[in-house]
Amino acid sequence: MTLSSLEHWLTYHIRTWLTNSFKWSTIHSSTFIISLFACISAGLLNMVSVYTIPWQLRLGYSSLDVNLISAAANLGAYLTPPVLGVLSDSHGPVILSWLSFIGYVPSYLYLSHVFRSGHDPNFIVSVVAFAVVGISTSSLYFGALVTCAKLYPDKKLLSISFPTTCFGISSLIGLQVLKLPFFHSKKEGYSDLGVVFGTFAVFYSFVFILTWISTSTISIMKLRLALAEEQEQEQEQEQCLGSEESPLLGPQRKKDQFYIKIRNFATDYLAYSFLAVMLLGLGVLEMFNTNMVNLSSLILGPESSYNVLTQFSIFSTCSRLVSGCLVDLFTKWQWPRITLIFFILSVAILAQVAIIHAMNVVDVTYLSIASAICGLSYGGLFTVFPSLTLNLWGDQVFGTAYGTFMLGPAMGSAFFGIAYARVHDSNCKSTSTSSHQHPNHNPLAESPNCIVPVFKISTAALSFAMGIILIATIMSKRLRNA
(Lines give C-alpha, C1' and ligand atoms only; values in the text may rest on other atoms or scores of the structure.)
Protein backbone atom coordinates (compact mmCIF):
# COMPACT_ATOMS: atom_id res chain seq x y z
CA MET A 1 0.00 0.00 0.00
CA THR A 2 1.64 3.18 -1.22
CA LEU A 3 1.08 6.70 0.06
CA SER A 4 -0.96 9.25 -1.85
CA SER A 5 0.90 12.35 -2.96
CA LEU A 6 -0.98 14.41 -0.33
CA GLU A 7 -0.15 11.96 2.46
CA HIS A 8 3.47 11.85 1.34
CA TRP A 9 3.70 15.64 1.36
CA LEU A 10 2.02 16.03 4.77
CA THR A 11 4.12 13.38 6.51
CA TYR A 12 7.51 13.41 4.77
CA HIS A 13 9.47 15.52 7.26
CA ILE A 14 7.81 13.93 10.31
CA ARG A 15 8.50 10.42 8.97
CA THR A 16 12.11 11.29 8.27
CA TRP A 17 12.59 12.75 11.73
CA LEU A 18 10.93 9.83 13.52
CA THR A 19 12.73 7.05 11.66
CA ASN A 20 16.11 8.72 12.04
CA SER A 21 15.70 9.60 15.72
CA PHE A 22 13.76 6.81 17.47
CA LYS A 23 13.38 3.05 17.62
CA TRP A 24 10.21 1.58 16.18
CA SER A 25 9.04 0.32 19.59
CA THR A 26 9.32 3.87 20.98
CA ILE A 27 7.42 5.32 18.03
CA HIS A 28 4.69 2.66 18.36
CA SER A 29 4.11 3.22 22.10
CA SER A 30 4.28 7.01 21.86
CA THR A 31 1.78 7.03 19.01
CA PHE A 32 -0.71 5.05 21.08
CA ILE A 33 -0.36 7.40 24.06
CA ILE A 34 -0.79 10.49 21.87
CA SER A 35 -3.85 8.93 20.23
CA LEU A 36 -5.48 8.35 23.62
CA PHE A 37 -4.71 11.97 24.55
CA ALA A 38 -6.35 13.04 21.28
CA CYS A 39 -9.47 11.07 22.25
CA ILE A 40 -9.57 12.90 25.58
CA SER A 41 -9.18 16.22 23.77
CA ALA A 42 -11.97 15.45 21.32
CA GLY A 43 -14.57 14.90 24.03
CA LEU A 44 -14.79 18.56 25.05
CA LEU A 45 -17.67 18.96 22.60
CA ASN A 46 -19.88 17.10 25.10
CA MET A 47 -19.80 20.09 27.47
CA VAL A 48 -22.26 22.20 25.44
CA SER A 49 -24.68 21.94 28.36
CA VAL A 50 -22.25 23.96 30.52
CA TYR A 51 -22.52 26.92 28.15
CA THR A 52 -26.32 27.19 28.46
CA ILE A 53 -26.58 29.66 31.35
CA PRO A 54 -23.79 32.03 30.17
CA TRP A 55 -25.31 32.07 26.69
CA GLN A 56 -28.78 32.81 28.03
CA LEU A 57 -27.65 35.53 30.43
CA ARG A 58 -25.10 37.33 28.23
CA LEU A 59 -26.24 36.68 24.66
CA GLY A 60 -29.95 36.15 25.33
CA TYR A 61 -30.16 32.71 23.74
CA SER A 62 -33.40 30.78 24.19
CA SER A 63 -33.60 27.05 24.88
CA LEU A 64 -34.32 26.53 21.19
CA ASP A 65 -31.18 28.48 20.25
CA VAL A 66 -29.04 26.31 22.55
CA ASN A 67 -30.54 23.12 21.15
CA LEU A 68 -30.05 24.32 17.57
CA ILE A 69 -26.36 24.90 18.33
CA SER A 70 -26.11 21.47 19.94
CA ALA A 71 -27.92 19.86 17.01
CA ALA A 72 -25.54 21.55 14.56
CA ALA A 73 -22.53 20.30 16.52
CA ASN A 74 -23.93 16.77 16.63
CA LEU A 75 -24.82 16.81 12.95
CA GLY A 76 -21.29 17.92 12.13
CA ALA A 77 -19.84 15.21 14.36
CA TYR A 78 -22.09 12.32 13.35
CA LEU A 79 -22.78 12.94 9.66
CA THR A 80 -19.14 13.10 8.60
CA PRO A 81 -17.56 9.75 9.70
CA PRO A 82 -18.36 7.97 6.39
CA VAL A 83 -16.61 10.76 4.45
CA LEU A 84 -13.78 10.92 6.98
CA GLY A 85 -13.33 7.17 6.65
CA VAL A 86 -12.88 7.51 2.89
CA LEU A 87 -10.40 10.37 3.36
CA SER A 88 -8.48 8.36 5.96
CA ASP A 89 -8.31 5.29 3.73
CA SER A 90 -7.17 7.40 0.78
CA HIS A 91 -4.75 9.81 2.44
CA GLY A 92 -4.14 8.39 5.91
CA PRO A 93 -5.38 9.71 9.28
CA VAL A 94 -2.96 12.65 8.95
CA ILE A 95 -5.52 14.39 6.76
CA LEU A 96 -8.01 14.15 9.63
CA SER A 97 -5.50 15.76 11.97
CA TRP A 98 -5.17 18.72 9.62
CA LEU A 99 -8.94 19.01 9.17
CA SER A 100 -9.45 19.18 12.94
CA PHE A 101 -6.89 21.98 13.25
CA ILE A 102 -8.33 23.96 10.34
CA GLY A 103 -11.82 23.69 11.84
CA TYR A 104 -11.19 24.07 15.56
CA VAL A 105 -9.01 27.16 15.77
CA PRO A 106 -10.91 29.73 13.66
CA SER A 107 -14.29 28.51 14.94
CA TYR A 108 -13.39 28.82 18.62
CA LEU A 109 -11.72 32.19 18.03
CA TYR A 110 -14.90 33.48 16.41
CA LEU A 111 -17.12 32.12 19.21
CA SER A 112 -14.80 33.70 21.77
CA HIS A 113 -15.09 37.06 20.01
CA VAL A 114 -18.91 36.84 19.93
CA PHE A 115 -19.16 36.18 23.65
CA ARG A 116 -16.68 38.92 24.55
CA SER A 117 -18.63 41.44 22.47
CA GLY A 118 -21.82 40.72 24.44
CA HIS A 119 -24.09 40.24 21.43
CA ASP A 120 -24.33 37.79 18.54
CA PRO A 121 -24.47 39.76 15.27
CA ASN A 122 -25.37 36.68 13.23
CA PHE A 123 -26.72 33.61 15.03
CA ILE A 124 -26.51 31.49 11.86
CA VAL A 125 -22.74 32.00 11.74
CA SER A 126 -22.45 30.78 15.34
CA VAL A 127 -24.49 27.71 14.47
CA VAL A 128 -22.22 27.03 11.48
CA ALA A 129 -19.16 27.55 13.70
CA PHE A 130 -20.38 24.84 16.07
CA ALA A 131 -21.14 22.56 13.12
CA VAL A 132 -17.51 23.01 12.06
CA VAL A 133 -16.43 22.26 15.65
CA GLY A 134 -18.48 19.06 15.40
CA ILE A 135 -16.74 18.10 12.16
CA SER A 136 -13.37 18.86 13.74
CA THR A 137 -14.25 16.75 16.77
CA SER A 138 -15.20 13.82 14.58
CA SER A 139 -11.98 14.26 12.57
CA LEU A 140 -9.80 14.30 15.67
CA TYR A 141 -11.56 11.36 17.35
CA PHE A 142 -11.93 9.26 14.21
CA GLY A 143 -8.27 9.81 13.32
CA ALA A 144 -7.22 8.73 16.80
CA LEU A 145 -9.55 5.72 16.73
CA VAL A 146 -8.24 4.60 13.33
CA THR A 147 -4.69 5.00 14.59
CA CYS A 148 -5.38 2.82 17.65
CA ALA A 149 -7.09 0.21 15.45
CA LYS A 150 -4.06 0.12 13.14
CA LEU A 151 -1.65 -0.19 16.06
CA TYR A 152 -3.55 -3.00 17.83
CA PRO A 153 -5.91 -4.64 15.29
CA ASP A 154 -6.33 -7.85 17.33
CA LYS A 155 -6.90 -6.28 20.77
CA LYS A 156 -10.36 -4.71 21.04
CA LEU A 157 -9.69 -3.46 24.56
CA LEU A 158 -6.84 -1.30 23.25
CA SER A 159 -8.28 -0.49 19.83
CA ILE A 160 -11.86 0.39 20.87
CA SER A 161 -12.49 0.38 24.63
CA PHE A 162 -9.52 2.54 25.66
CA PRO A 163 -10.19 5.25 23.02
CA THR A 164 -13.91 5.43 23.84
CA THR A 165 -13.14 5.54 27.56
CA CYS A 166 -10.70 8.41 27.03
CA PHE A 167 -13.33 10.23 25.00
CA GLY A 168 -15.68 9.94 27.98
CA ILE A 169 -13.05 11.12 30.46
CA SER A 170 -12.75 14.39 28.58
CA SER A 171 -15.93 16.00 29.86
CA LEU A 172 -15.14 14.91 33.41
CA ILE A 173 -11.72 16.56 33.26
CA GLY A 174 -13.10 19.57 31.42
CA LEU A 175 -15.76 20.19 34.05
CA GLN A 176 -13.15 20.29 36.79
CA VAL A 177 -10.88 22.60 34.78
CA LEU A 178 -13.74 25.01 34.04
CA LYS A 179 -14.30 25.42 37.78
CA LEU A 180 -10.98 27.27 38.02
CA PRO A 181 -11.33 31.03 38.74
CA PHE A 182 -9.49 31.80 35.50
CA PHE A 183 -12.55 30.73 33.49
CA HIS A 184 -15.11 32.66 35.55
CA SER A 185 -16.25 36.25 35.35
CA LYS A 186 -16.04 37.72 38.86
CA LYS A 187 -18.32 40.57 37.88
CA GLU A 188 -21.07 38.52 36.26
CA GLY A 189 -20.78 35.32 38.33
CA TYR A 190 -20.84 32.79 35.46
CA SER A 191 -18.34 31.13 33.15
CA ASP A 192 -16.56 33.54 30.81
CA LEU A 193 -16.95 31.68 27.52
CA GLY A 194 -14.74 34.26 25.81
CA VAL A 195 -11.82 32.95 27.87
CA VAL A 196 -12.99 29.33 27.58
CA PHE A 197 -13.26 29.32 23.79
CA GLY A 198 -10.02 31.29 23.38
CA THR A 199 -8.21 28.73 25.54
CA PHE A 200 -9.70 25.92 23.44
CA ALA A 201 -8.25 27.51 20.28
CA VAL A 202 -4.75 27.54 21.80
CA PHE A 203 -5.17 24.04 23.25
CA TYR A 204 -6.21 22.47 19.94
CA SER A 205 -3.24 24.05 18.20
CA PHE A 206 -1.02 22.13 20.64
CA VAL A 207 -3.07 18.95 20.12
CA PHE A 208 -2.62 19.29 16.36
CA ILE A 209 1.17 19.26 16.65
CA LEU A 210 1.01 16.01 18.62
CA THR A 211 -1.50 14.31 16.34
CA TRP A 212 0.42 15.36 13.25
CA ILE A 213 3.29 13.31 14.66
CA SER A 214 1.16 10.34 15.74
CA THR A 215 -0.82 10.04 12.50
CA SER A 216 2.40 10.19 10.49
CA THR A 217 3.33 6.94 12.19
CA ILE A 218 0.54 5.20 10.28
CA SER A 219 2.18 6.35 7.06
CA ILE A 220 5.40 4.71 8.24
CA MET A 221 3.45 1.50 8.92
CA LYS A 222 1.97 1.65 5.42
CA LEU A 223 5.42 1.87 3.88
CA ARG A 224 6.70 -0.98 6.05
CA LEU A 225 3.71 -3.10 5.04
CA ALA A 226 4.15 -2.20 1.36
CA LEU A 227 7.77 -3.31 1.53
CA ALA A 228 6.80 -6.60 3.16
CA GLU A 229 4.07 -7.21 0.56
CA GLU A 230 6.50 -6.45 -2.25
CA GLN A 231 8.93 -9.02 -0.91
CA GLU A 232 6.14 -11.56 -0.49
CA GLN A 233 4.90 -10.88 -4.02
CA GLU A 234 8.37 -11.49 -5.42
CA GLN A 235 8.42 -14.86 -3.66
CA GLU A 236 4.98 -15.73 -5.03
CA GLN A 237 6.06 -14.81 -8.54
CA GLU A 238 8.97 -17.19 -8.25
CA GLN A 239 6.69 -19.96 -6.99
CA CYS A 240 3.99 -19.32 -9.58
CA LEU A 241 6.25 -19.48 -12.62
CA GLY A 242 4.61 -21.89 -15.02
CA SER A 243 1.24 -21.58 -13.26
CA GLU A 244 -1.82 -20.39 -15.24
CA GLU A 245 -2.96 -18.00 -12.48
CA SER A 246 -1.02 -14.80 -12.11
CA PRO A 247 -0.24 -13.66 -8.57
CA LEU A 248 -1.17 -10.14 -9.64
CA LEU A 249 -4.84 -11.17 -9.50
CA GLY A 250 -4.69 -11.09 -5.68
CA PRO A 251 -5.18 -7.34 -5.20
CA GLN A 252 -8.09 -7.31 -7.66
CA ARG A 253 -9.71 -10.21 -5.82
CA LYS A 254 -9.37 -8.36 -2.50
CA LYS A 255 -10.92 -5.25 -4.06
CA ASP A 256 -13.88 -7.29 -5.35
CA GLN A 257 -14.37 -8.86 -1.93
CA PHE A 258 -14.44 -5.40 -0.36
CA TYR A 259 -17.22 -4.20 -2.65
CA ILE A 260 -19.16 -7.41 -2.02
CA LYS A 261 -18.99 -6.76 1.72
CA ILE A 262 -20.16 -3.18 1.22
CA ARG A 263 -23.10 -4.41 -0.87
CA ASN A 264 -23.99 -7.06 1.72
CA PHE A 265 -23.93 -4.45 4.47
CA ALA A 266 -26.17 -2.09 2.49
CA THR A 267 -28.79 -4.83 2.02
CA ASP A 268 -28.63 -6.26 5.55
CA TYR A 269 -31.75 -5.59 7.63
CA LEU A 270 -29.62 -5.75 10.78
CA ALA A 271 -27.82 -2.62 9.61
CA TYR A 272 -31.10 -0.70 9.44
CA SER A 273 -32.15 -2.10 12.81
CA PHE A 274 -28.92 -0.85 14.36
CA LEU A 275 -29.40 2.56 12.71
CA ALA A 276 -32.93 2.86 14.12
CA VAL A 277 -31.87 1.81 17.63
CA MET A 278 -28.98 4.27 17.67
CA LEU A 279 -31.29 7.03 16.41
CA LEU A 280 -33.82 6.43 19.17
CA GLY A 281 -31.50 5.40 22.01
CA LEU A 282 -28.58 7.76 21.56
CA GLY A 283 -30.86 10.53 20.29
CA VAL A 284 -32.67 10.56 23.65
CA LEU A 285 -29.41 10.43 25.62
CA GLU A 286 -27.87 13.22 23.55
CA MET A 287 -30.93 15.33 24.31
CA PHE A 288 -30.43 14.77 28.04
CA ASN A 289 -26.71 15.49 27.72
CA THR A 290 -27.41 18.83 26.03
CA ASN A 291 -30.15 19.94 28.42
CA MET A 292 -29.12 18.48 31.78
CA VAL A 293 -28.00 21.87 33.14
CA ASN A 294 -31.27 23.45 32.05
CA LEU A 295 -33.22 20.54 33.51
CA SER A 296 -31.41 20.52 36.85
CA SER A 297 -31.74 24.31 37.15
CA LEU A 298 -35.44 24.01 36.39
CA ILE A 299 -35.98 21.43 39.14
CA LEU A 300 -33.36 22.18 41.80
CA GLY A 301 -31.79 25.55 40.97
CA PRO A 302 -28.52 26.46 39.19
CA GLU A 303 -26.27 25.41 42.09
CA SER A 304 -26.91 21.74 41.30
CA SER A 305 -25.83 21.91 37.65
CA TYR A 306 -22.17 20.96 37.98
CA ASN A 307 -23.02 18.05 40.31
CA VAL A 308 -25.36 16.55 37.73
CA LEU A 309 -22.81 17.00 34.95
CA THR A 310 -20.09 15.41 37.04
CA GLN A 311 -22.22 12.38 37.83
CA PHE A 312 -23.10 11.92 34.17
CA SER A 313 -19.45 12.16 33.13
CA ILE A 314 -18.16 9.80 35.83
CA PHE A 315 -20.67 7.06 35.05
CA SER A 316 -20.25 7.52 31.29
CA THR A 317 -16.49 7.10 31.61
CA CYS A 318 -16.71 4.09 33.92
CA SER A 319 -19.34 2.51 31.70
CA ARG A 320 -17.11 2.71 28.63
CA LEU A 321 -14.29 0.87 30.39
CA VAL A 322 -16.53 -1.71 32.08
CA SER A 323 -18.47 -2.30 28.85
CA GLY A 324 -15.23 -2.93 26.99
CA CYS A 325 -14.16 -5.48 29.59
CA LEU A 326 -17.59 -7.15 29.49
CA VAL A 327 -17.45 -7.36 25.69
CA ASP A 328 -14.11 -9.16 25.90
CA LEU A 329 -15.41 -11.48 28.63
CA PHE A 330 -18.59 -12.27 26.72
CA THR A 331 -16.47 -13.07 23.68
CA LYS A 332 -14.25 -15.36 25.74
CA TRP A 333 -17.21 -17.13 27.35
CA GLN A 334 -19.14 -17.19 24.03
CA TRP A 335 -22.12 -15.34 25.50
CA PRO A 336 -24.28 -13.20 23.17
CA ARG A 337 -23.11 -9.60 23.41
CA ILE A 338 -26.50 -8.32 22.28
CA THR A 339 -27.72 -8.91 25.85
CA LEU A 340 -25.61 -5.90 26.85
CA ILE A 341 -27.71 -3.70 24.56
CA PHE A 342 -30.91 -4.98 26.20
CA PHE A 343 -29.54 -4.17 29.64
CA ILE A 344 -28.38 -0.69 28.62
CA LEU A 345 -31.71 0.22 27.02
CA SER A 346 -33.56 -1.07 30.09
CA VAL A 347 -31.65 1.16 32.48
CA ALA A 348 -32.07 4.09 30.07
CA ILE A 349 -35.85 3.65 30.32
CA LEU A 350 -35.51 3.54 34.10
CA ALA A 351 -33.65 6.86 33.94
CA GLN A 352 -36.56 8.54 32.11
CA VAL A 353 -38.97 7.33 34.79
CA ALA A 354 -36.65 8.69 37.49
CA ILE A 355 -36.53 12.10 35.78
CA ILE A 356 -40.33 12.31 35.63
CA HIS A 357 -40.55 11.33 39.30
CA ALA A 358 -37.91 13.94 40.21
CA MET A 359 -40.14 16.64 38.74
CA ASN A 360 -43.06 15.53 40.86
CA VAL A 361 -41.27 15.29 44.21
CA VAL A 362 -38.46 17.84 43.65
CA ASP A 363 -35.90 15.42 45.10
CA VAL A 364 -32.21 15.64 44.21
CA THR A 365 -31.81 11.90 44.78
CA TYR A 366 -33.94 10.93 41.80
CA LEU A 367 -32.27 13.43 39.49
CA SER A 368 -28.84 12.18 40.59
CA ILE A 369 -29.87 8.59 39.92
CA ALA A 370 -31.23 9.56 36.50
CA SER A 371 -28.06 11.45 35.60
CA ALA A 372 -25.86 8.53 36.64
CA ILE A 373 -27.96 5.99 34.73
CA CYS A 374 -28.07 8.15 31.61
CA GLY A 375 -24.28 8.43 31.75
CA LEU A 376 -24.00 4.67 32.14
CA SER A 377 -26.28 4.09 29.15
CA TYR A 378 -24.56 6.74 27.04
CA GLY A 379 -21.07 5.33 27.54
CA GLY A 380 -22.24 1.74 27.23
CA LEU A 381 -23.97 2.19 23.88
CA PHE A 382 -20.97 4.03 22.42
CA THR A 383 -18.74 1.09 23.43
CA VAL A 384 -20.87 -1.98 22.69
CA PHE A 385 -22.21 -0.88 19.30
CA PRO A 386 -18.75 -0.49 17.68
CA SER A 387 -17.78 -3.93 18.99
CA LEU A 388 -20.93 -5.53 17.58
CA THR A 389 -20.39 -3.73 14.29
CA LEU A 390 -16.83 -5.05 14.06
CA ASN A 391 -17.98 -8.57 14.86
CA LEU A 392 -20.96 -8.64 12.47
CA TRP A 393 -19.47 -6.96 9.38
CA GLY A 394 -15.70 -7.26 9.86
CA ASP A 395 -12.85 -4.80 10.04
CA GLN A 396 -12.66 -4.31 6.28
CA VAL A 397 -15.89 -2.27 6.19
CA PHE A 398 -15.91 -1.18 9.84
CA GLY A 399 -15.33 2.50 9.01
CA THR A 400 -18.18 2.60 6.50
CA ALA A 401 -20.55 0.57 8.70
CA TYR A 402 -20.03 2.40 11.97
CA GLY A 403 -19.83 5.74 10.20
CA THR A 404 -23.25 5.02 8.73
CA PHE A 405 -24.65 4.17 12.15
CA MET A 406 -23.46 7.56 13.41
CA LEU A 407 -26.19 9.10 11.27
CA GLY A 408 -28.61 7.80 13.89
CA PRO A 409 -27.42 9.94 16.84
CA ALA A 410 -27.14 12.92 14.48
CA MET A 411 -30.78 12.76 13.45
CA GLY A 412 -31.98 11.63 16.87
CA SER A 413 -30.25 14.38 18.82
CA ALA A 414 -31.65 17.01 16.45
CA PHE A 415 -35.21 15.67 16.70
CA PHE A 416 -35.35 15.14 20.46
CA GLY A 417 -33.34 18.29 21.20
CA ILE A 418 -35.71 20.49 19.22
CA ALA A 419 -38.69 18.72 20.83
CA TYR A 420 -37.26 19.54 24.28
CA ALA A 421 -36.66 23.17 23.30
CA ARG A 422 -40.15 23.69 21.90
CA VAL A 423 -41.84 22.21 24.97
CA HIS A 424 -39.56 24.17 27.31
CA ASP A 425 -39.95 27.52 25.56
CA SER A 426 -43.75 27.16 25.33
CA ASN A 427 -44.55 25.55 28.72
CA CYS A 428 -41.68 26.74 30.93
CA LYS A 429 -40.98 30.22 29.55
CA SER A 430 -42.68 32.02 32.38
CA THR A 431 -40.94 29.73 34.83
CA SER A 432 -37.51 30.64 33.54
CA THR A 433 -38.33 34.32 33.56
CA SER A 434 -39.60 34.35 37.09
CA SER A 435 -36.68 32.38 38.36
CA HIS A 436 -34.27 34.93 36.87
CA GLN A 437 -36.18 37.78 38.39
CA HIS A 438 -36.29 36.14 41.83
CA PRO A 439 -33.23 33.98 42.56
CA ASN A 440 -34.86 32.35 45.61
CA HIS A 441 -38.09 31.64 43.79
CA ASN A 442 -39.04 27.96 43.41
CA PRO A 443 -39.34 27.37 39.64
CA LEU A 444 -41.76 24.49 40.12
CA ALA A 445 -44.29 26.54 42.03
CA GLU A 446 -45.98 27.66 38.82
CA SER A 447 -45.22 24.81 36.41
CA PRO A 448 -44.16 21.62 38.21
CA ASN A 449 -44.55 19.34 35.19
CA CYS A 450 -43.86 21.71 32.31
CA ILE A 451 -41.19 19.50 30.67
CA VAL A 452 -42.69 16.07 31.49
CA PRO A 453 -44.18 15.54 27.97
CA VAL A 454 -40.66 15.38 26.51
CA PHE A 455 -39.64 12.54 28.80
CA LYS A 456 -42.83 10.63 28.12
CA ILE A 457 -41.84 10.76 24.44
CA SER A 458 -38.29 9.68 25.26
CA THR A 459 -39.58 6.74 27.33
CA ALA A 460 -41.75 5.62 24.41
CA ALA A 461 -38.81 6.02 22.00
CA LEU A 462 -36.50 3.85 24.14
CA SER A 463 -39.23 1.24 24.52
CA PHE A 464 -39.66 1.18 20.75
CA ALA A 465 -35.89 0.78 20.33
CA MET A 466 -36.01 -2.16 22.73
CA GLY A 467 -38.75 -3.72 20.61
CA ILE A 468 -36.72 -3.31 17.41
CA ILE A 469 -33.63 -4.96 18.85
CA LEU A 470 -35.77 -7.77 20.34
CA ILE A 471 -37.37 -8.56 16.98
CA ALA A 472 -33.99 -8.40 15.22
CA THR A 473 -32.48 -10.78 17.78
CA ILE A 474 -35.32 -13.28 17.39
CA MET A 475 -35.07 -13.18 13.59
CA SER A 476 -31.26 -13.29 13.29
CA LYS A 477 -29.20 -16.22 14.54
CA ARG A 478 -26.12 -14.27 13.48
CA LEU A 479 -27.01 -11.50 15.93
CA ARG A 480 -27.70 -14.00 18.72
CA ASN A 481 -24.26 -15.46 18.16
CA ALA A 482 -22.53 -12.08 17.91
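Values in this document were obtained by computation on a predicted structure and should not be read as measured data. Just so you know, residue 1 is the first one in the sequence shown, and it goes up from there.
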Check whether any side-chain N or O of [X] sits under 3.5 Å from a backbone N or O of [Y] as a donor-acceptor pair, and report yes or no.
{"X": "T19", "Y": "T16", "value": "yes"}
{"X": "T211", "Y": "F208", "value": "yes"}
{"X": "S100", "Y": "L140", "value": "no"}
{"X": "S205", "Y": "A201", "value": "yes"}
{"X": "N391", "Y": "L388", "value": "no"}
{"X": "S170", "Y": "F167", "value": "no"}

Do [Y] and [X] have ring centroids that are under 6.0 Å from one another?
{"X": "F22", "Y": "W17", "answer": "yes"}
{"X": "Y420", "Y": "F416", "answer": "no"}
{"X": "F32", "Y": "Y152", "answer": "yes"}
{"X": "F197", "Y": "F115", "answer": "no"}

Check [X] against [Y] and note the closest heavy-atom contact, atom names and distance.
{"X": "S117", "Y": "R58", "answer": "C-NH2, 4.1 Å"}
{"X": "Q352", "Y": "S458", "answer": "OE1-OG, 2.7 Å"}
{"X": "P386", "Y": "T383", "answer": "CD-O, 3.3 Å"}
{"X": "G417", "Y": "N67", "answer": "O-OD1, 3.1 Å"}
{"X": "A370", "Y": "A354", "answer": "CB-CB, 3.9 Å"}

Under 3.5 Å, is there a donor-acceptor pair linking the side chains of [X] and [Y]?
{"X": "Y141", "Y": "S41", "value": "no"}
{"X": "R116", "Y": "S112", "value": "yes"}
{"X": "D328", "Y": "T331", "value": "no"}

[X], [atom1]: over 12 other non-hydrogen atoms inside 6.0 angstrom:
{"X": "Y402", "atom1": "OH", "value": "yes"}
{"X": "W9", "atom1": "CH2", "value": "no"}
{"X": "F123", "atom1": "CZ", "value": "yes"}

Enumerate the residue pairs fulfilling salt bridge (charged side-chain N to carboxylate O under 4.0 Å, His left out) with a member in residues 14-43, sequence neighbours excluded, ordered by first and then second residue. none
With a 2.5 Å cut-off on the SG atoms, do C39 and C166 make it? no
Is the ring pair Y204/F200 parallel, tilted or perpendicular, if the boundaries are 30 and 60 degrees? perpendicular
Should the pair F206 and F37 be assigned to parallel (<30°), tilted (30 to 60°) or perpendicular (>60°) ring geometry? perpendicular
Pair up each side-chain donor or acceptor in residues 69-81 with any protein partner under 3.5 Å, not counting sequence neighbours, and list the distances.
from: S70; atom 1: OG; to: T290; atom 2: OG1; distance (Å): 2.7
from: N74; atom 1: ND2; to: S70; atom 2: O; distance (Å): 3.3
from: N74; atom 1: ND2; to: S413; atom 2: OG; distance (Å): 3.4
from: Y78; atom 1: OH; to: E286; atom 2: OE2; distance (Å): 2.3
from: T80; atom 1: OG1; to: G76; atom 2: O; distance (Å): 2.8

Could you tell me which residues satisfy side-chain contact (heavy atoms from CB on, under 4.5 Å) with [X], sequence neighbours excluded, listed by chain and number?
{"X": "L275", "result": "F405, L407"}
{"X": "V146", "result": "S88, F142, K150"}
{"X": "S126", "result": "Y61, Y110, L111, V114, D120"}

Determine, stepwise, if the pair Y12 / S216 fulfils side-chain hydrogen bond (donor to acceptor under 3.5 Å, both in side chains). CA-CA 8 Å; Y12 176 76; S216 296; over 6 Å; no
With heavy-atom distances below 4.5 Å as the criterion, would you say the side chains of S191 and F183 are in contact? no
Measure the spacing between CZ of F385 and CE of M278 and express it to the nearest 0.5 Å. 5.5 Å
I need the T31 OG1 to W24 CH2 distance, nearest 0.5 Å. 6.5 Å
Test ring-ring contact (aromatic ring centres under 6.0 Å, His included) applied to F203 - qualifying residues, sequence neighbours left out: none
